[in-house]
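Take a look at the structure set out below.
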Amino acid sequence: MSPQNSDQQYADSQKQERYNALETSQTNEQLILEIQREQENIFEDRNKRILLEDKILSENPDQRSNNLLDYIRRGHLKDPDIYIMPEIIQTFPYILEKGLIDIKADDYDEQKTMDSLIKIFKEIEDDVLARDRQIRNFLESKGVRVTYDQYLDQTTYGEILKVLQQYLKIINSPIHPKSPFHGKPQEYKQSIREKTASKLSAYFLGDLNALFDDYEANNSHYQLEIATPDLSDPIKKIIYKKNQKGFKKYPRISEYRGETVENVPTLKNQKRRPGIMFVERDELPDIKGGIILDGNFGYDKDGNLVTPDDKKIIDHHDKFNSTLYDTATVMVGRYWESKSGKIVPLLQRKEELKKYATRNGAFRLNIMINHMDSDSILSVWAFRNPKKAKKYKQIINNISFCGDFMVGSGVMEYGANARDYEYIISNYMSACREKIKQERTQELERELEQKRQELKIINTEKTALTEELDNIRSRDPDIIALSRELEQIKGDKGITPKDKGKMIGQKSRELENILKSKAGTNYERKITMDRRGSDLQKEIDKLNRQISDAKVKGLSGVENEKVISHVLDIIEDIITNPFKYRKYLFEGRDKEDKTIKEMDKLYRSGEIEITPDPHDPEILVLRPLKSSKMPGIASIDGEYFFLRKREDFNQKIIVTRDGQSVMMAINTQDKKLLQDYDFDEMLDVFKMREDLHINENIEKTKTEQVTEEDPKMKKTLTKKLEELEQDKQKNVEGKLWRNRTQMIFAFKSYIPEEEIMTILREWKKKNDQKETESRKE
Amino acid sequence: MQIFWHILKKSELEKLNQKDLKSYFDWLKKTKLVNRKMIKKLEQKIDEKQISKAREKDKSAIEAIKQSLKK
């Protein structure tokens, strides 16, 4: 059935429904009953649907591939006993592609397949390690230190041997008469040894003379019998074939024995770096010059992007991304590099950067960021340290891509992949923020404790004083007599209330005066204590309020700058020593894992609904089903892993509806595929349609306001109108719809859902066509 | 203001006026239709898979007969 036909059928059925409802003139109670029946139907259907989905997924070869891929890439990380060599992980998609695993078999057993794969991978690893050990031990027995960062095998050993054979050949040939070493055989040999050592520098560290001596004397012993890899298994064969360059020795987290960071340090005395500023989002700071990284100054009142002449913007949000889907870190790296790829020294950039300097004459550049994530912090670090940034270019670029686009990477030089780093940086920064909040609270709590102690002492004294005064009250005959008189006045029904009040006041004063004279200084002391007690209680209440605020209130600019400075101090350490920060890495993996399980639970229980768009199944729609808001998700990576893991949910575009908010995101694990879609093209359409719908709402509300007679309702409508006017301006200033990295957000939208989806479908179709055409070219 | 529907509790339904109740009912019916369509598609998928499996089996049975005849 075509979508048009089904739409028509739906429209007809709706007409019929409305007609029926009118005909029967149902009461609200009847309607509610019918609605409740319909709700039950929906959940019954939904359960049926989920069972069918599960059945299809369990037999679907693509889903089986997905599960295997997910386990090989990520799932095994949960088991500390399992290590898969990064090259094998990288080769695995090819193994699947080649059909070496029979995922279509009727008797396919996922667990058995995973177990047998892990066994094969372990055998390869053992094999690689055994060869390396044999060669390494042999070479080290010759008195050299092997420092090669790859596992040694026949090829690498062959290369070493070739260099040694060449060395022997040269020193055994006669020295050319014209050579400056003619007649000096020892110097000649030493010179050849030096040259040979430099050729072997990738493999060894330190003096190689012992090796040369041994090789000269016993070169025939160097023909080692190295076991050849077992290629009988087709999977093993393909892994070796695809990794002919060998296997790199990556640091392994399970073998890490160095120091670990368990807590972030106190940031109370952390100095802020001059010239690094944390600024408000969408606001132009009142300072001269500066460079803003990974952010911009928003839009002005007419809807134009704010681009002041004295400020440089290096950003990939909104319309600042010169190349689609770059990160700020990549852009900063490119900024410092010349066409030939060399870092342009600051001196050569001085003329160009002068206009962004803080003061005329003094060359100081303020660097600004308006949020803290991996990309913003790495772009600041890269801007300040262009040479180091170039050295770690691949690592920092991959981290920023992972943070902003959720595109992962393979394991890199220091043993961690991009997501591991991203988790470390983001969780470490969040621990810093928590630490600051905790320290803020601790100080207030200390103050609170002091006040509480003070109040306790005062209350003890107050109790003693009260007892003493009560004693006087109960024993002093004058006071007893006066009290009786007072009671009599209170009980006398013959006095008018006005006179009674006066008389009570007078007697009470008399009573207090007597008490004052009898109790002496204790009376005054009690009054002072009462006052102090009440003041202290007020201070305690205030502190309690401040503590609750301090626990939840975001960081101030200064506090954020402290975090930035501290993290900048340790960025290089994180890059080169990621396992030192493993606590933060595990925290990320744990959150990710919990979110995957949570998403599955939310979907199955009907808290959220996930369905393909009926017109374009490549668009997946997520929405809350049992409440008006989406439940909080701890890890966005976890959310995407959940969607990517399910073959039916792993779609190109993900739309999340959350009340009046909308979020659309490109879902890909491939950087290049990010280029297929451009949200900037859609942004203007949404802004225009939003304006139209806000205007319609304004007109409608105005009409309602005119006819409304109830003052309460009138007031509500006035408020609604004010909100609409504010949102209209916010839309102009780009504060309702924003394009942020691979996502487009509506923080609030008045556009009907179906219209949003139509715009999205058309935009996607256009981008898909463009992509197909460019591929043809 | 556009209302974003979800599964409402009885107490929430009771707060709605008849117009909104009817729109909500419409939304529920639409949701039911979408669900049913999806179920139909999924059932179709399962049927197709079973048919193709049966065909596969037939093929291999025929192949086995052919092989035995050759012998």
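In what follows, chains are A, B, ... by sequence order, proteins preceding strands, each numbered from 1. Computed from a predicted structure; not experimentally measured.
You'll find the side chain of A:Pro612 reaches within 4.5 Å of the side chain of B:Met38, heavy atoms only. Put simply, the side chain of B:His6 does not reach to within 4.5 Å of the side chain of A:Lys626, judged on heavy atoms.
No more than 12 heavy atoms of other residues, nucleotides or ligands lie within 6.0 Å of NZ in A:Lys715, so this atom counts as exposed by the packing criterion. Atom NZ of A:Lys601 is surrounded by 12 or fewer heavy atoms from other residues, nucleotides or ligands within 6.0 Å.
The most heavy-atom pairs under 4.5 Å with chain B, out of A:Gly606, A:Pro624, A:Ser628, come from A:Ser628. For the set A:Thr701, A:Asp106, A:Leu625, the count of heavy-atom pairs under 4.5 angstrom toward chain B peaks at A:Leu625. Of the listed residues B:Glu12, B:Glu14, B:Arg36, B:Lys45, the one with more heavy-atom pairs under 4.5 angstrom with chain A than any other is B:Arg36.
In summary, the side chains of A:Gln39 and B:Tyr24 do present a donor paired with an acceptor at a separation below 3.5 Å, with no hydrogens or angles considered.
With values rounded to the nearest 0.5 angstrom, B:Ile7 atom CD1 is found 5.0 Å from A:Ile42 atom CD1. Here CD1 of A:Ile56 is found 4.5 Å from CD1 of B:Ile46. Values are rounded to the nearest 0.5 Å. Interatomic distance, B:Leu21 CG to A:Gln30 CD, rounded to the nearest 0.5 Å: 12.0 Å. To the nearest 0.5 Å, atom CG of residue A:Asp45 and atom OG1 of residue B:Thr31 are 10.5 Å apart. Summarising the geometry, atom CD1 belonging to A:Ile35 is positioned 5.5 Å from atom CG belonging to B:Leu13; distances are rounded to the nearest 0.5 Å. Within the model, atoms CD1 of B:Ile39 and CZ of A:Arg46 stand 11.0 Å from one another, a figure rounded to the nearest 0.5 Å.
The two residues A:Thr27 and B:Gln18 make their nearest non-hydrogen contact at C-NE2, 3.9 Å.
Looking at A:Glu59, the atoms closer than 4.5 Å to chain B (heavy atoms on both sides) sit in the backbone and in the side chain alike. Proximity to chain A is absent for every atom of B:Lys9, based on heavy atoms less than 4.5 angstrom apart.
Under a 4.0 Å N-O distance rule, the pair B:Glu43/A:Lys48 qualifies as a salt bridge.
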